[in-house]
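Because the structure is a prediction, the values reported are computed rather than measured. All chains are named by letter (A, B, ...) in the order of the sequence lines, taking the proteins before the strands, and each is independently numbered beginning at 1.
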Number of protein chains: 2
Amino acid sequence: MEFDDKVPIYYQIKTVIYDQIIAGQLAPGDKLPAIRQLAVSLTVNVNTVQRALREMIDEGVVISQRGRGNFVTSNAEIVEQLKQELIDRYLKQLYDQLHRLNISDEQIVNEVTAYIERQGDLNDDNTES
Amino acid sequence: MEFDDKVPIYYQIKTVIYDQIIAGQLAPGDKLPAIRQLAVSLTVNVNTVQRALREMIDEGVVISQRGRGNFVTSNAEIVEQLKQELIDRYLKQLYDQLHRLNISDEQIVNEVTAYIERQGDLNDDNTES
DNA sequence: ATTAGTGTACTATCTTTCTATTACACTATA
DNA sequence: TATAGTGTAATAGAAAGATAGTACACTAAT
């Protein structure tokens, strides 16, 4: 997998897995791929995967069972909460970024709408990027 | 200044300065604060500021004059181009992030609109955050 | 000519991240 | 009870980022 060299890899791995959980590709209670398997498929060291998992475990989103594997928490509330947190973080990020560029609230909505229009056109009946 | 410990400081400094240029706080041709001055006000080492400036110089946005100082390019086109690039990068970032969470185009617009509504309410006649 | 203010360069050291490697602990199953 | 599959721990080293400190080069003003 490709990583942004401006952000720690372990952190990007955490992001990827959280995204999969929130998108529903990993449902509550589901077993995650084995750590060594993840390391291979992400072409990354086992310890790096470990570090990502460590944080997800500490945050209560992943449950670790020695000898069995890592599982998404079966507490759907936690997942829903995580989803809200992430969405809000992402929105705040864009809002702050554009505000720093002196772009008004109204303009922000316009820019986002226009951007999505452009994307929609591109993907009307094409293959995704 | 406070930095996000997930992103290199030199890169965040670059972002801050670019934002100021685009927002018009630093107009084309303007002189930037002296490197040592920037280091103090950002509470960061001189070399770290240097590295940020190095990239901005390489990208043609900042002009360095030994013994005189660093200046924003007087080429307004470059600044405008930078602005478009940044806006597009920020929008793409949000779009990709929310798409990975399985949120539809329509929902994205709704979320952004709702977020900005909330912000607008907060700042109606209050001091900014 | 001197001096203050500027950018530039270089070396050494520290911290964080990532990797490599080895070893150990627990579970399930043949 | 072996064995394969899993998570966990720990050490050592490489690479990138950040710092501290020193020195040098150029400009403008006195």
Side-chain angles (χ1 to χ4, degrees), chain A residues 1-18 20-21 26-75, chain B residues 1-18 20-21 26-75:
Chain A
M1 170 175 169
E2 282 186 10
F3 295 101
D4 178 349
D5 69 358
K6 294 290 184 302
V7 181
I9 292 177
Y10 81 88
Y11 194 80
Q12 296 181 62
I13 292 175
K14 191 178 154 187
T15 300
V16 167
I17 296 180
Y18 273 178
Q20 292 180 352
I21 292 174
L26 285 171
D30 275 4
K31 184 173 183 295
L32 268 62
I35 275 195
R36 290 176 181 77
Q37 177 54 41
L38 278 173
V40 170
S41 63
L42 297 169
T43 55
V44 148
N45 190 273
V46 174
N47 301 313
T48 308
V49 177
Q50 259 286 37
R51 179 155 182 190
L53 285 171
R54 179 76 267 141
E55 293 201 356
M56 298 191 277
I57 292 164
D58 289 346
E59 293 169 10
V61 179
V62 169
I63 307 295
S64 169
Q65 296 190 23
R66 199 187 188 99
R68 296 196 61 234
N70 289 296
F71 301 82
V72 178
T73 177
S74 43
N75 184 338
Chain B
M1 173 177 166
E2 281 187 11
F3 295 100
D4 178 349
D5 68 358
K6 294 290 185 303
V7 180
I9 292 177
Y10 81 88
Y11 194 80
Q12 296 181 62
I13 292 175
K14 191 178 155 187
T15 300
V16 167
I17 296 181
Y18 273 178
Q20 292 180 352
I21 291 174
L26 285 171
D30 275 3
K31 184 173 185 293
L32 269 61
I35 277 196
R36 292 175 180 78
Q37 178 54 41
L38 278 173
V40 170
S41 64
L42 296 168
T43 54
V44 146
N45 189 273
V46 174
N47 300 312
T48 307
V49 177
Q50 259 288 38
R51 178 153 184 194
L53 285 170
R54 179 77 265 141
E55 293 200 356
M56 298 191 277
I57 291 164
D58 289 346
E59 292 170 11
V61 179
V62 169
I63 308 294
S64 168
Q65 295 190 24
R66 198 185 188 99
R68 297 197 60 233
N70 290 296
F71 301 81
V72 178
T73 176
S74 44
N75 184 337

Regarding B:R66, tell me which of base, sugar-phosphate or nothing describes its non-hydrogen contacts under 4.0 Å with the strands shown. base
Counting just side-chain N and O atoms, does B:R68 come under 4.0 Å of either OP1 or OP2 of D:dA28? yes
Report the residue from B:V40, B:I35, B:L38 that forms a side-chain contact (heavy atoms from CB on, under 4.5 Å) with B:V46. B:I35
Under 4.0 Å between a side-chain N/O of A:N70 and OP1 or OP2 of D:dG7, yes or no? yes
Stepwise side chain to side chain contact (heavy atoms under 4.5 Å, CB included) check, B:N45 with B:I9: CA-CA 10 Å; B:N45 189 273; B:I9 292 177; over 6 Å; no
Whichever of A:G69 and A:K6 has its nearest DNA chain D nucleotide further upstream toward 5': A:G69
Enter the distance from B:I13:CD1 to B:F3:CZ here, rounded to the nearest 0.5 Å. 4.5 Å
5' priority, DNA chain C, between B:S64 and A:P8 [closest heavy atom]: B:S64
Once you round to the nearest 0.5 Å, how far does OG1 of A:T48 lie from CG of A:L42? 10.0 Å
Under a 4.0 Å heavy-atom cut-off, which of residues 36-55 of chain B touch DNA chain D? B:R36, B:V44, B:N45, B:N47, B:T48, B:R51
Axis-to-axis angle across the helix from C:dA1-D:dT30 to C:dA30-D:dT1, five pairs an end, to 10 degrees? 10°
In this structure, OG1 of A:T73 is separated from CD1 of A:I21 (nearest 0.5 Å) by 9.0 Å
Any side-chain to backbone donor/acceptor pair from B:T43 onto B:M1? Under 3.5 Å, distance only. yes
Of the nucleotides D:dT19, D:dG7, C:dT8, which one has an atom closest to the side chain of A:A34? D:dG7
Look only at the side chain of B:Q12 and the backbone of B:D4, and say whether a donor-acceptor pair between them is shorter than 3.5 Å. yes
Applying side-chain hydrogen bond (donor to acceptor under 3.5 Å, both in side chains), name anything that partners B:D30, two or more places apart in sequence or on another chain. none
